[in-house]
Student: 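Would you mind keeping the following structure in view while I ask a few things?
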Amino acid sequence: MKPPLKIAIAGLGTVGTGVAQLLARNSDVIAARAGRRIELAAVLERDKRRERGVDLSRPKWLGNPGELASYPGIEVVVELIGGSEGVALDLVKAALASGKHVVTANKALLAHHGNELAALAAKKNLALAFEAAVAGGIPILKALREGLAANKVGRVYGILNGTCNYILTQMRDSRRDFADVLKEAQKLGYAEADPSFDIDGVDTAHKLAILSAVAFGGAVDFKNVFVEGIRHVSALDIEFAEELGYRIKLLGVARLTGEGLEQRVHPCMVRASAPIAHVEGVFNAVVVEGDFVGRVMLEGRGAGAEPTASAVVADLIDIAMGRAGPGLRIPAVKHKPAPMAKHKGAYYLRLMVLDKPGVIADIAAALRDQKVSMEQMIQRGRGKDGNAVPVVITTHETEESSMRRALDRIGNLKTVREEPRLIRVETL
Ligand SMILES: NC(=O)c1ccc[n+]([C@@H]2O[C@H](COP(=O)([O-])OP(=O)(O)OC[C@H]3O[C@@H](n4cnc5c(N)ncnc54)[C@H](OP(=O)(O)O)[C@@H]3O)[C@@H](O)[C@H]2O)c1
């Protein structure tokens with residue numbers, strides 16, 4: 001057998017500890033598959049005393065990132081500290097500069113610096129591997145690069161954030177509102193104390209930018225991802241969605257259109273019969289539409305120590321076998337970003353209106369003037385004593401800019417009592 005691949009883990013938190021445990025528990029099977037052992041030779045961590053459920057007496061404990069990046073004998077640095085800037089960025093750059101391969105699960109880092117880091121790795125003929133950064137345990141990047149490599153991808157989309165999917169699932173199952181379910185998710189540890197990264201869609205956008213770079217052979221273009229989170233989704237919308245035969249999911253969607261590469265993250269109405277509508281709770285799923293293969297969906301756990309470790313160690317096995325390719329396609333294909341204003345799709349619109357004669361006519365006129373054609377309308381109940389009642393409208397396919405203009409006019413009507421709610425319908 002070849003000499004072992006010596007690696008270092010930086011950051012022994014949730015994922016780092018999972019990786020150490022997996023390397024220890026499955027060492028024989030990994031060695032058999034990789035043709036050599038993977039040896040944890042060093043760790044970078046501040047807290048030595050924390051109990052981690054794995055014997056860490058053999059690796060060398062290092063105190064600072066500079067020391068780790070240049071530590072002799074180490075071939076791979078596994079960066080599991082997190083954060084788009086600071087220690088993680090400095091460490092990855094230093095590790096590549098001193099000729100070490102890098103494996104990371106850090107989507108924030110890759111969304112912001114992926115192009116620069118991939119170019120650095122390619123220049124040095126080193127691996128920069130990040131399967132765990134997109135959808136945790138789901139091997140979607142490998143699927144795109146290997147099994148689906150012969151296809152032209154038209155669209156890739158997915159549920160990429162377990163926290164949001166858990167909240168939306170709970171809202172539907174228990175008919176409760178967003179704030180209530182978020183509080184419960186925080187208590188159960190499914191949402192962070194500061195949940196904004198997840199619920200405002202930023203985490204999904206990080207992952208989507210990486211996913212679409214791999215799917216479409218382009219550069220990571222995070223700044224052109226349109227992002228809208230789930231804060232405004234209400235129990236009422238979920239109820240109407242069910243009535244209309246839809247479910248609401250936070251999706252990251254990337255597709256090539258006549259306008260360029262469209263990348264967007266927002267709540268979507270998806271047909272209840274679509275496979276992705278049935279991905280529930282903390283589970284993630286990614287769907288690839290290839291020109292020859294058709295639709296492929298992978299579902300699994302998008303986070304957690306063990307699933308994420310599974311993806312990190314798969315990257316290590318690739319490196320051990322000498323088959324890790326470049327992080328991104330170098331040089332990357334240049335895709336023009338498609339502006340969101342040019343997005344074409346169907347829409348769900350919910351308004352709270354005063355139940356007065358002429359209200360619906362005013363709304364219909366605002367839509368008609370922007371050439372937005374209505375598909376269905378539901379008016380619920382009679383407003384008593386000046387109470388507003390919900391009116392839901394779904395539209396045929398139209399351009400986002402037209403929808404926005406119509407919505408501005410509708411929002412200014414005196415009879416429309418709350419900010420109009422708009423949810424895009426994704427045809428799957
Ligand atoms: N958790 C998941 O399910 C998951 C899934 C996919 C991807 N990821 C990504 O994986 C990465 C790690 O996530 P995680 O959940 O494992 O985070 P975590 O539990 O917070 O672990 C990070 C670890 O890094 C250590 N650390 C921070 N700064 C350090 C420094 N300057 N020197 C040495 N050690 C330092 C922390 O130590 P202290 O505790 O002392 O601060 C902590 O043990 C992130 O990029 C995350 O986005 C996580």
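Below, all heavy atoms of this structure are taken into account, side chains as well, without hydrogens, waters or symmetry copies. First listed ligand is number 1; within each ligand, the first listed atom is number 1.
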Student: Looking only at distances, please establish whether an N/O atom of ligand 1 is found under 3.5 Å from an N/O atom of G13.
Tutor: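 Yes, since at least one N or O of G13 sits under 3.5 Å from an N or O of ligand 1.
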Student: Are any of the side-chain nitrogens in R380 or E243 under 4.0 Å away from the carboxylate oxygens of its partner?
Tutor: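 Judged by the 4.0 Å cut-off on N to carboxylate O distance, R380 and E243 do form a salt bridge.
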Student: Can you sort out which atoms of ligand 1 are near A132, meaning under 4.0 Å from one of its heavy atoms?
Tutor: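 Listed by number with element: 6 (C), 7 (C).
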Student: Quick check on contacts: which atoms of ligand 1 are under 4.0 angstrom from a heavy atom of G82?
Tutor: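 So the answer, numbered in order with elements, is 44 (C), 45 (O).
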Student: Any idea how H206 and F222 line up, ring-wise: parallel (<30°), tilted (30 to 60°), or perpendicular (>60°)?
Tutor: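 The rings of H206 and F222 sit tilted, inter-plane angle from 30° to 60°.
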Student: What are the atoms of ligand 1, with element, lying closer than 4.0 Å to any heavy atom of G304?
Tutor: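 Numbered from 1, ligand 1 contributes 2 (C), 3 (O).
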Student: Any nitrogen or oxygen of G302, main chain or side chain, under 3.5 Å from a nitrogen or oxygen of ligand 1?
Tutor: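 In fact, backbone or side chain, G302 has no N or O that close.
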Student: Looking only at non-hydrogen atoms, which of R52, R46, K207 approaches atom 29 (C) of ligand 1 most closely?
Tutor: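 Among R52, R46, K207, the closest heavy atom to atom 29 (C) of ligand 1 comes from R46.
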Student: Does K142 NZ have over 12 foreign heavy atoms under 6.0 Å away?
Tutor: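 Atom NZ in K142 is crowded, with more than 12 foreign heavy atoms closer than 6.0 Å.
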Student: For R301, which part has a heavy atom under 4.0 Å from ligand 1: side chain, backbone, both, or neither?
Tutor: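 Contact part for R301 vs ligand 1: neither.
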Student: Give me the ring orientation class for F240 and Y348: parallel if the planes are under 30° apart, tilted from 30 to 60°, perpendicular past 60°.
Tutor: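 Tilted: the ring planes of F240 and Y348 meet at 30° to 60°.
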Student: For atom 19 (O) of ligand 1, what's the nearest protein heavy-atom neighbour? Residue, atom name and distance, please.
Tutor: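 Ranking protein heavy atoms by distance from atom 19 (O) of ligand 1, first comes T14 N, 2.9 Å.
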Student: Using heavy atoms and a 4.0 Å limit, tell me yes or no: is G136 in contact with ligand 1?
Tutor: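 Outside the 4.0 Å threshold, so no.
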Student: Which residue in the set R155, R271, K344, R255 passes salt bridge (Lys or Arg N to Asp or Glu O under 4.0 Å) when paired with E426?
Tutor: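 One option only clears the test, and that one is R155.
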Student: State if R50 counts as touching ligand 1 under the rule of any non-hydrogen atom under 4.0 Å.
Tutor: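 So R50 counts as touching ligand 1.
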Student: Look at atom 36 (C) of ligand 1 and say which protein heavy atom is nearest, naming residue and atom and giving the distance to 0.1 Å.
Tutor: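 That would be E45 OE2, 3.9 Å.
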Student: Do N106 and T104 pair up side chain to side chain, a donor and an acceptor below 3.5 Å, judged on atom types alone?
Tutor: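 Per modelled atom types, N106 and T104 side chains form no pair under 3.5 Å.
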Student: What's the shortest distance from atom 24 (O) of ligand 1 to any protein heavy atom, and which residue and atom give it?
Tutor: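 Heavy-atom neighbour on the protein nearest atom 24 (O) of ligand 1: G11 CA, 3.4 Å.
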Student: Closest by any non-hydrogen atom to atom 1 (N) of ligand 1: pick that one out of V15, L12, V19.
Tutor: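 It is V15 whose heavy atom sits nearest to atom 1 (N) of ligand 1.
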Student: Can you tell whether the side chains of E239 and R350 come within less than 4.0 Å, N to carboxylate O?
Tutor: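 R350 and E239: not salt-bridged.
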Student: If we count only non-hydrogen protein atoms and require a distance under 4.0 Å, does atom 10 (O) of ligand 1 qualify as touching the protein?
Tutor: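 Protein heavy atom within 4.0 Å of atom 10 (O) of ligand 1: present.
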Student: Okay, side chain of Q263, backbone of S212: is any donor-acceptor separation there less than 3.5 Å?
Tutor: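 Not at all, since once roles are kept as given, no pair shorter than 3.5 Å links the two residues.
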Student: Check whether E299 reaches the backbone of V279 with its side chain - one donor and one acceptor, N or O, closer than 3.5 Å.
Tutor: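 Absent.
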Student: Between K93 and D90, is there a side-chain N and carboxylate O pair less than 4.0 Å apart?
Tutor: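 D90 and K93: not salt-bridged.
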Student: Quick test: of every protein heavy atom, which one is nearest to atom 6 (C) of ligand 1, and how far off is it to 0.1 Å?
Tutor: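 Sorting protein heavy atoms by distance from atom 6 (C) of ligand 1 puts T308 CG2, 3.4 Å first.
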Student: Under a 4.0 Å N-O cut-off, is there an ion pair linking E399 with R405?
Tutor: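 Not counted as a salt bridge, because no side-chain N and carboxylate O are separated by less than 4.0 Å.
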Student: Give the numbers and elements of all ligand 1 atoms closer than 4.0 Å to a heavy atom of A303.
Tutor: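 With A303 as reference, the close atoms of ligand 1 come out as 3 (O).
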Student: Are any of the protein's heavy atoms under 4.0 angstrom from atom 17 (O) of ligand 1, yes or no?
Tutor: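 No; the ligand atom in question lacks any protein heavy-atom contact below 4.0 Å.
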Student: Heavy atoms only: which of N106, L80, L62 is nearest to atom 12 (C) of ligand 1?
Tutor: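 Answer by nearest heavy atom: L80.
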Student: Distance under 4.0 Å to a non-hydrogen atom of A105: what atoms of ligand 1 satisfy this?
Tutor: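 Counting atoms of ligand 1 from 1, those under 4.0 Å from A105 are 7 (C), 8 (N), 9 (C), 10 (O).
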Student: With a 4.0 Å cut-off on N to O distance, would you call E75 and K6 a salt bridge?
Tutor: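 No, no charged N to carboxylate O under 4.0 Å.
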Student: In plain terms, say whether E262 and K342 are close enough for a salt bridge, that is, a side-chain N and a carboxylate O under 4.0 Å apart.
Tutor: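 Here E262 does not pair with K342 in a salt bridge, since their nearest N and O are not under 4.0 Å apart.
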Student: Counting only heavy atoms, which portion of A305 has something under 4.0 Å from ligand 1: side chain, backbone, both, or neither?
Tutor: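 Neither part.
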Student: Of the side chain and backbone of V87, name the one, both, or neither that has a heavy atom under 4.0 Å from an atom of ligand 1.
Tutor: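 Contact part for V87 vs ligand 1: side chain (C-beta onward).
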Student: Do the side chains of R247 and E280 get close enough for a salt bridge, i.e. N-O under 4.0 angstrom?
Tutor: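 Yes, this pair counts.
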Student: For ligand 1, which atoms have a heavy atom of K107 less than 4.0 angstrom away?
Tutor: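 Listed by number with element: 6 (C), 7 (C), 8 (N), 47 (O).
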Student: What residue and atom, counting heavy atoms only, is the protein's closest point to atom 20 (O) of ligand 1, and at what distance?
Tutor: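 It is I81 O, 4.9 Å.
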